[in-house]
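Right, one structure below, let's go through it.
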Amino acid sequence: MPVIEYKCPNCGSGMVFDSETGTLSCPSCGRKDDIENMSDPIETNVFTEDEAKEYHCTSCGAVIMTDAETAATSCSFCGSAVVLGDRLTGKLAPAKVIPFSISKEEAMQAFKKWCKNGLLTPSGFMTADRIKGITGIYVPFWLYDLHNKVEVFAHGTRVRTYTRGEYQYTETKHYDIYRKIRLNYVKVPIDASEKMNDELMDKLEPFPYEQLKNFKTPYLAGYIAEKYSYDGQQLFPRSKEKIKGYIDAYISSAVSGYTTVSYTNKQIDTTMKKADYVLLPVWMVHYDYNKAEHTFAMNGQTGKVVGKPPISRAKVAGWFAGISGVSFLSLKLISWMMGGGFW
Ligand SMILES: [Zn+2]
Ligand SMILES: [Zn+2]
């Protein structure tokens with residue numbers, strides 16, 4: 001059963017995941033089914049060469065157009081929500097999912113509000129309906145549990161100046177510093193989809209991990225889901241890179257009280273205790289402005305918006321002419337102009 005559709009047992013309409021109630025719900029008759037206690041209809045023996053396989057919509061029979069990475073989508077002919085079950089089984093089976101809690105309407109409202117609060121978005125940015133599309137996507141992530149053995153060797157000094165009689169003395173004491181630290185990090189998220197901008201995805205954090213549910217396919221009904229492009233082993237280096245700053249900060253805090261510290265050797269041995277495959281909810285908004293497309297993303301659980309709004313040259317000039325005294329704003333402006341990335 002590679003194509004899964006959820007037909008309402010009452011009226012036969014297609015059911016979709018409802019972010020407000022967290023249930024599988026029927027838009028026609030209002031039936032709501034609890035997902036957590038549902039048994040999943042996926043069989044695990046459907047493995048074949050899925051790249052070449054054709055999927056047919058069980059409602060209208062049309063061929064479902066997807067690329068090889070998609071695990072849930074909607075039929076482009078009749079709009080039925082379909083889940084491609086064989087792309088979610090075996091080693092492609094997610095362990096957990098954070099379901100959407102923000103509806104499409106709420107995402108749209110929050111996005112518009114966010115744009116209006118943006119100081120430098122050009123006038124006209126929000127006047128026309130330029131939103132080209134808004135899509136709820138379950139983005140594949142690996143959540144890493146990482147154990148670190150850290151050994152640090154450093155040379156430290158403490159300098160003291162004092163006066164005796166007519167002389168001023170400077171006393172420098174030298175120390176050999178050694179620290180052995182064990183640091184464990186849990187649920188370090190790394191985006192596993194090739195299509196998603198890593199920086200954009202990082203900025204969407206934090207995701208509320210207490211909302212993680214055991215994975216069930218009905219959570220995907222009505223949304224797009226991607227399967228991972230890179231496995232947990234392949235992204236392990238990125239997870240190590242991500243915690244490096246935290247480890248360094250911890251080391252600094254553990255070596256305090258010296259006037260100077262110079263590290264002679266830092267050894268960080270990171271072990272991957274586990275990597276869980278999870279799907280996390282993201283609203284993607286594609287926005288058309290000045291013939292260019294802009295992408296915004298919103299955390300589908302917390303509503304946090306990230307993206308790079310378009311900058312109007314006219315307004316930039318206006319800021320400099322009118323409010324040049326406001327250095328805080330100028331600084332902010334400069335960091336944007338230098339391509340300060342997403343905020
Ligand atoms: Zn119904
Ligand atoms: Zn169809």
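Note that the numbering runs from 1 along the sequence shown for the chain. Predicted model only: the values in this text are computed from it and were never measured. Indexing begins at 1, ligand by ligand and atom by atom, following the structure's order.
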> Under 2.8 Å from the Zn ion (ligand 2), which protein N/O/S atoms are there?
Replying inline: Cys57 SG, Cys60 SG, Cys75 SG, Cys78 SG
>> Is the ring pair Tyr185/Tyr246 parallel, tilted or perpendicular, if the boundaries are 30 and 60 degrees?
In response: tilted
>> Closer than 3.5 angstrom, by distance alone: can the side chain of Thr70 be matched with the main-chain N or O of Ala72 as a donor-acceptor pair?
In response: no
> Once rounded to 10°, what is the value of the angle centred on the Zn ion (ligand 1) between Cys11 SG and Cys29 SG?
Replying inline: 120°
>> For Glu69, is there an ion pair with Lys195 - N to carboxylate O distance below 4.0 angstrom?
In response: no
> Do the charged groups of Lys91 and Asp231 touch, with an N to O distance under 4.0 Å?
Replying inline: no
>> Given Lys7, which partner from the list Ser59, Ser80, Ser13 fulfils the side-chain hydrogen bond (donor to acceptor under 3.5 Å, both in side chains) test?
In response: Ser59
> Below 4.5 Å, heavy atoms only, C-beta onward: do Phe141 and Met196 meet side chain to side chain?
Replying inline: no
